[in-house]
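First the structure, in the form of structure tokens, and then the observations on it.
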Amino acid sequence: MENFPIINLEKLNGAERAATMEKINDACENWGFFELVNHGIPHEVMDSVEKLTKGHYKKCMEQRFKELVAKKGLEGVEVEVTDMDWESTFFLRHLPSSNISEIPDLDDVYREVMRDFAKRLEKLAEELLDLLCENLGLEKSYLKNTFYGSKGPNFGTKASNYPPCPKPDLIKGLRAHTDAGGLILLFQDDKVSGLQLLKDGQWIDVPPMRHSIVVNLGDQLEVITNGKYKSVMHRVIAQKDGTRMSLASFYNPGNDALIYPAPALVHKEAEEHNKQVYPKFVFDDYMKLYANLKFQAKEPRFEAMKAMESDPIEIA
């Protein structure tokens, strides 16, 4: 836990910029995750989001979840449950168009606070993508432009609560998976833990920290960087005590965005390692495949996309 990469974004503005950029690069190459502090989103905004999210769960979702548990007989399970997760969720879409006004049961104050929070997260995600470009030696905005497609990126928030679970050894809060998309920004509970990532064959806790934003890389960034940066398996362990809040915001390519390894990185890798090239595909095609294979390894997904390629990338 002590080695988990924690990045102080304020240090980009001073003498420690180079060291901070190197820390971000190391996290992208070796962890697929890092945690941001001093990221520019005001603490009072985050406090308001947390209070309203937890209040909404209590008021509108907790009873529904209890009824689902009772209906499925999950309280008394004796064998591992592998086809569902111990979580209560709803999804907010921000881009290319918002659905916040259409979600039932949200009060107007919560809607406004989430719109504001989403705008701040979108700005942070785009700043981070430019930092990744700088570390990769790509022109500024390369990643943002790649994600754009014809209508701009997909950006949305999965709001989850993980209630107390009587059998956490038999039911996962969320089964192990890599994220399909681009860059994921997570605002998680700072009191109830549960998020873990897989590193070197070991499950490692992602430390809950007040007012931090946890960042992880999705499959698309692994493809665009030709494997230099990695998406990493992660999961949520259900807890016997306490309800864990999780707001995961996904800054993803647009549906028709064409995703392929950045040519500059392919040539660089080819010179250094004669390394295999990742596939080229339309993002929406990948998502259709991912829908049925989310909780499996990513490599067969990449292979399947490669097999479907009509225009494979050649290394000159």
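Heads up: numbering here begins at 1 and tracks the sequence. Please read these numbers as outputs of a predicted model, since none were measured by experiment. Below, each value reflects all heavy atoms present in this structure, side chains not excepted, and no hydrogens, waters or symmetry copies.
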Check: Which of parallel (below 30°), tilted (30 to 60°) and perpendicular (above 60°) describes Phe90 and Tyr110?
Finding: perpendicular
Check: Any idea how His234 and His177 line up, ring-wise: parallel (<30°), tilted (30 to 60°), or perpendicular (>60°)?
Finding: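 Taking His177 first and then His234, their aromatic rings sit tilted (interplane angle of 30° to 60°).
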Margin query: By the definition side chain to side chain donor-acceptor pair (under 3.5 Å), identify the one residue from Glu122, Glu126, His94 that meets it with Tyr251.
Written below: Glu126
Could you tell me whether [X] and [Y] have a side-chain N and a carboxylate O separated by less than 4.0 Å?
{"X": "Lys167", "Y": "Glu80", "answer": "no"}
{"X": "Glu50", "Y": "Lys54", "answer": "yes"}
{"X": "Arg111", "Y": "Asp107", "answer": "no"}
{"X": "Lys23", "Y": "Asp26", "answer": "no"}
{"X": "Glu134", "Y": "Lys140", "answer": "no"}
{"X": "Asp47", "Y": "Lys51", "answer": "no"}
{"X": "Asp85", "Y": "Arg175", "answer": "yes"}

[Y] side chain reached by [X] side chain, heavy atoms, under 4.5 Å:
{"X": "Val206", "Y": "Glu35", "answer": "yes"}
{"X": "Trp31", "Y": "Ile204", "answer": "yes"}
{"X": "Val266", "Y": "Tyr278", "answer": "no"}
{"X": "Leu265", "Y": "Leu136", "answer": "yes"}
{"X": "Glu22", "Y": "Asn135", "answer": "no"}
{"X": "Asp130", "Y": "Tyr142", "answer": "no"}
{"X": "Thr243", "Y": "Tyr162", "answer": "no"}

Mark yes or no for whether [X], through its side chain, and [Y], through its backbone, hold a donor-acceptor pair below 3.5 Å.
{"X": "Trp86", "Y": "Val236", "value": "no"}
{"X": "Asn38", "Y": "Glu10", "value": "no"}
{"X": "Gln220", "Y": "Pro253", "value": "no"}
{"X": "Ser98", "Y": "Ile100", "value": "yes"}
{"X": "Asn99", "Y": "Arg93", "value": "yes"}
{"X": "Arg64", "Y": "Ser88", "value": "no"}
{"X": "Asp284", "Y": "Asp256", "value": "no"}
{"X": "Gln239", "Y": "Pro164", "value": "no"}
{"X": "Glu29", "Y": "Ala27", "value": "no"}
{"X": "Asn216", "Y": "Phe33", "value": "no"}

Can you get from [X] to [Y] by hopping between Ile, Leu, Val, Met, Phe, Trp and Tyr side chains that sit under 4.5 Å apart?
{"X": "Leu143", "Y": "Leu95", "result": "yes"}
{"X": "Leu293", "Y": "Ile259", "result": "yes"}
{"X": "Val113", "Y": "Leu92", "result": "yes"}
{"X": "Ile41", "Y": "Leu9", "result": "yes"}
{"X": "Ile184", "Y": "Leu131", "result": "no"}

For [X] and [Y], which heavy atoms make the closest approach, and how far apart are they?
{"X": "Asn226", "Y": "Val277", "value": "OD1-CA, 3.4 Å"}
{"X": "Thr89", "Y": "Met61", "value": "O-CE, 3.5 Å"}
{"X": "Ile171", "Y": "Met84", "value": "CG2-O, 4.5 Å"}
{"X": "Met287", "Y": "Ala180", "value": "SD-CB, 3.5 Å"}
{"X": "Pro261", "Y": "Pro279", "value": "CD-O, 3.5 Å"}
{"X": "Val215", "Y": "Leu36", "value": "CG2-CD1, 3.7 Å"}

Note to self: For Phe155 together with Phe250, are the ring centres under 6.0 Å from each other?
What the structure shows: no
Would you check if there is a donor-acceptor pair between the side chains of [Y] and [X] at a distance under 3.5 Å?
{"X": "Asn25", "Y": "Tyr229", "value": "yes"}
{"X": "Tyr57", "Y": "Glu62", "value": "no"}
{"X": "Ser246", "Y": "Ser160", "value": "no"}
{"X": "Arg244", "Y": "Gln188", "value": "yes"}

Mark yes when over 12 heavy atoms from residues, nucleotides or ligands other than [X] sit less than 6.0 Å from its [atom1]; otherwise mark no.
{"X": "Gln63", "atom1": "CD", "result": "yes"}
{"X": "Lys191", "atom1": "NZ", "result": "yes"}
{"X": "Asp105", "atom1": "CG", "result": "yes"}
{"X": "Lys199", "atom1": "NZ", "result": "yes"}

Check: Run the side chain to side chain contact (heavy atoms under 4.5 Å, CB included) check on Val223 and Phe302 step by step: do they pass?
Finding: CA-CA 8 Å; Val223 171; Phe302 294 151; 3.6 Å; yes
Check: Should side-chain heavy atoms under 4.5 Å link Ile, Leu, Val, Met, Phe, Trp and Tyr, which residues sit in the same cluster as Val79?
Finding: none
Margin query: Enumerate the salt bridge (charged side-chain N to carboxylate O under 4.0 Å, His left out) contacts for residues 291-301, please, sequence neighbours excluded, ordered by first and then second residue.
Written below: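 Listed by first then second residue: Asp219-Arg301, Glu222-Lys298.
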If you round to the nearest 0.5 Å, how far is [atom2] of [Y] from [atom1] of [X]?
{"X": "Leu174", "Y": "Leu195", "atom1": "CG", "atom2": "CG", "value": "9.0 Å"}
{"X": "Met308", "Y": "Lys306", "atom1": "CE", "atom2": "NZ", "value": "13.5 Å"}
{"X": "Leu258", "Y": "Ser150", "atom1": "CG", "atom2": "OG", "value": "12.0 Å"}
{"X": "Leu183", "Y": "Leu124", "atom1": "CG", "atom2": "CG", "value": "8.0 Å"}
{"X": "Thr53", "Y": "Met245", "atom1": "OG1", "atom2": "CE", "value": "5.5 Å"}
{"X": "Thr178", "Y": "Leu197", "atom1": "OG1", "atom2": "CG", "value": "12.5 Å"}

Checklist line | Pair Ile224-Phe147, side chain to side chain contact (heavy atoms under 4.5 Å, CB included): steps then yes or no | finding: CA-CA 10 Å; Ile224 294 168; Phe147 280 25; 3.6 Å; yes
Note to self: Test: ring-ring contact (aromatic ring centres under 6.0 Å, His included). Region: residues 34-54. Which pairs qualify, not counting sequence neighbours?
What the structure shows: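 Sorted pair list: His43-His211.
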Notebook entry, point to check: Where do Leu186 and Leu247 land on the side chain to side chain contact (heavy atoms under 4.5 Å, CB included) test, with the steps shown first?
Noted result: CA-CA 6 Å; Leu186 170 70; Leu247 292 167; 5.6 Å; no
